[in-house]
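We use all heavy atoms of the structure for the numbers below, so side chains are in, but hydrogens, waters and symmetry mates are not. Computed from a predicted model, the values in this text were never measured in an experiment. Counting starts at 1 for both ligands and their atoms, following the listed order.
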Amino acid sequence: MKENMFCFQCQETAKGTGCTVKGVCGKMSSTSAMMDMLLFSVRGIAIVANTLRNGHRKIDEKINRFIVDALFTTITNANFDDQRIIRLIRKGMELRNELINQALQAGIPLPETDELQWQGTEEEYTAKASQVGVLRETDENLRSLKELTLYGLKGMAAYTEHAMHLGFNDESIHTFIQQALSDMTTQKLTVPELTQLVLETGKYGVSAMALLDKANTQSYGNPEITKVDIGVRSNPGILISGHDLKDLEELLEQTEGTGVDVYTHSEMLPAHYYPAFKKYSHFAGNYGNSWWRQREEFETFNGPIYFTTNCIVPPLPSASYINRMYTGNSTGYPGCKHIQENTDGYKDFSEIIAQAKKCPPPTEIETGHITGGFAHNQVVQLAPQIIEAVRSGAIRKFIVMAGCDGRMKNREYYTEFAEALPKNTVILTAGCAKYRYNKLGLGDINGIPRVLDAGQCNDSYSLALIALKLKEIFGLANVNDLPIAFNIAWYEQKAVIVLLALLSLGFKNIHIGPTLPAFVSPAILNALAEQFNLGGITDVKQDLQRLHIA
Ligand code: SF4
Ligand code: SF3
């Protein structure tokens, strides 16, 4: 069969090598082509913006915003709407041409590259896309490092965009994103130079996560230990999914006093840990599990569902909830209403609320509570208790099991691994990976729960801070001397930036699974394994030994 697309950016890529006909995620080849074109336009903008910056010209804020939004749009499971992506390409080409004119007027010479020269029309997008995708780089090692960097940049862009929604920004992150995109396109970077760029990406990944941590905690307070209800109430509800807390705040404000409750799904669960959201008595709890369970859980939820970010699973044609599904920000799905913010960034959720009022309340699928809120500030408060438990031997090891969940059967490994851990170990988690073990009732050690959930995938930053704090308290020279092991689950590109950030902070011996990235060639994998002792997983028994746990 003719290959009509190529994408290998996520863990579930077809046959562990690449999706070539249609994405396992549901991405159509037409969408993949438009995403390749969008990235082509983003590279063009980045090249001119970078050249202008080097010529000491100021880059307009709208350029930074466009680039992070476009990169976010191409993340796995974020946007399936060709028309929205085409509009973004058009806008991207306009912005690129605007910047080119700016450079011409200022007499600043620009590099000669297709990304700047191509002036084709919309009718030509599909044909052009076939020349500008992932496989345009023919050397597999260079391609590996370039794509690894790009996927890191996508994750970084997503986190930066959330922070920007809350009025927090960091120009150096945008400058780096644009410079990296430009250098990878216009310069003939070697393997060592690209490896350096990968590490540099990790460093800015730390900055982006720190920025988002600051934005979230300064806006909504520090996460604190919280019991979250996983049952249902008797009012109709709206389910909110994804990572964007600003959207949640606006939804909670607009639903107050309407008789409609708000529930979180998947990556929005940690919102319950923030003090600012506790004042809303209609913020009812968390419904369901991680993203890939939505086809069943959205049926029984009965009310509208609003996606602030990835991960969207394309509904089956028989799904009853398509007309209850709404998207916002960089997400999109054909046939679903997109809630567009106004020029002040405000979103009007009245249509969703009106629909919710006509829906039956959610059907109960489980009852009880889950506990979380162990982000850095809260854990530091618990430090004396934790240190005592480590010194007495009650806690022998921390296992970082942060990251993503996914739909493949091989992820049962993480449930089995968590169950098999000795009782004197504590899991540190963040991201939707937690749903593989956060309802197992793993108990506590002297009152410290054995699953400490810091929050969303971006809150892996909290886990890194906690580890660095413990290193300081125990007076260790190296963070790798801590009694800590890493068994991280990845799926999409936010996990890529989390991994690169951990590497840049000096963490070694990180194990990732359930499979290694298809986009990293064997030679580059070997090099990473050597430099960072980065490795994959095997089976539970063997891994418990390899990680010196059993
Ligand atoms: Fe395939 Fe993943 Fe790309 Fe979707 S995002 S097309 S599943 S590699
Ligand atoms: Fe999950 Fe998509 Fe990655 Fe934010 S919601 S961790 S997979």
Distance from atom 7 (S) of ligand 1 to nearest protein heavy atom, with residue and atom: C25 N, 3.3 Å
Those atoms of ligand 1 less than 4.0 Å from some heavy atom in Q9: 5 (S), 8 (S)
Where ligand 2 meets Y491 - atom numbers and elements under 4.0 angstrom, heavy-atom basis: 7 (S)
Sub-4.0 Å heavy-atom approach of Q456 to ligand 2: no
Atoms of ligand 2, numbered as shown, that sit under 4.0 Å from any heavy atom of C311: 2 (Fe), 5 (S), 7 (S)
Atom indices of ligand 2 within 4.0 angstrom of E267 heavy atoms, with elements: 1 (Fe), 4 (Fe), 5 (S), 6 (S)
Closest approach of any protein heavy atom to atom 5 (S) of ligand 1, naming residue and atom: T76 OG1, 3.3 Å
Main-chain N/O of G373 paired with T226 side-chain donor or acceptor, under 3.5 Å: no
Nearest-option assignment for atom 3 (Fe) of ligand 2, heavy atoms, candidates H243, K434, M268, E492: E492
For atom 3 (Fe) of ligand 1, closest protein heavy-atom neighbour: C7 SG, 2.3 Å
Per-atom contacts, ligand 1 versus F8 - under 4.0 Å to a heavy atom: 8 (S)
For C457, atoms of ligand 2 separated by under 4.0 Å from a heavy atom: 4 (Fe), 6 (S)
Side-chain donor or acceptor of T363 paired with backbone N/O of T300 under 3.5 Å: yes
Ligand 2 atoms in contact with C404 (distance to a heavy atom under 4.0 Å): 3 (Fe), 6 (S), 7 (S)
Heavy-atom check, side chain of N289 versus side chain of E366, under 4.5 Å: yes
Donor-acceptor under 3.5 Å (R143 side chain, F519 main chain): no
Per-atom contacts of ligand 1 with T13, taking only distances under 4.0 Å to non-hydrogen atoms: 8 (S)
Heavy-atom donor-acceptor pair, Y333 side chain to M325 backbone, under 3.5 Å: no
2.8 Å cut-off met by an N, O or S atom of C19 to atom 4 (Fe) of ligand 1: no
Protein heavy-atom partner closest to atom 6 (S) of ligand 1 - residue, atom, separation in Å: G23 CA, 3.4 Å
Backbone of V132 reached by a side-chain donor or acceptor of D36 within 3.5 Å: no
Backbone N/O of G332 and side chain of R84: donor-acceptor pair under 3.5 Å: no
Heavy-atom donor-acceptor pair, Q378 side chain to N222 backbone, under 3.5 Å: no
Distance filter under 4.0 Å to K27 heavy atoms, resulting ligand 1 atoms: 6 (S)
Close side-chain approach of L145 to L197, heavy-atom, < 4.5 Å: no
Expected output: side-chain D244 to main-chain T309 donor-acceptor under 3.5 Å: no
Distance filter under 4.0 Å to C432 heavy atoms, resulting ligand 2 atoms: 1 (Fe), 5 (S), 6 (S), 7 (S)
Closest protein heavy atom (residue, atom, distance) for atom 2 (Fe) of ligand 1: C10 SG, 2.2 Å
Pair K347 + E250: basic N to acidic O under 4.0 Å: no
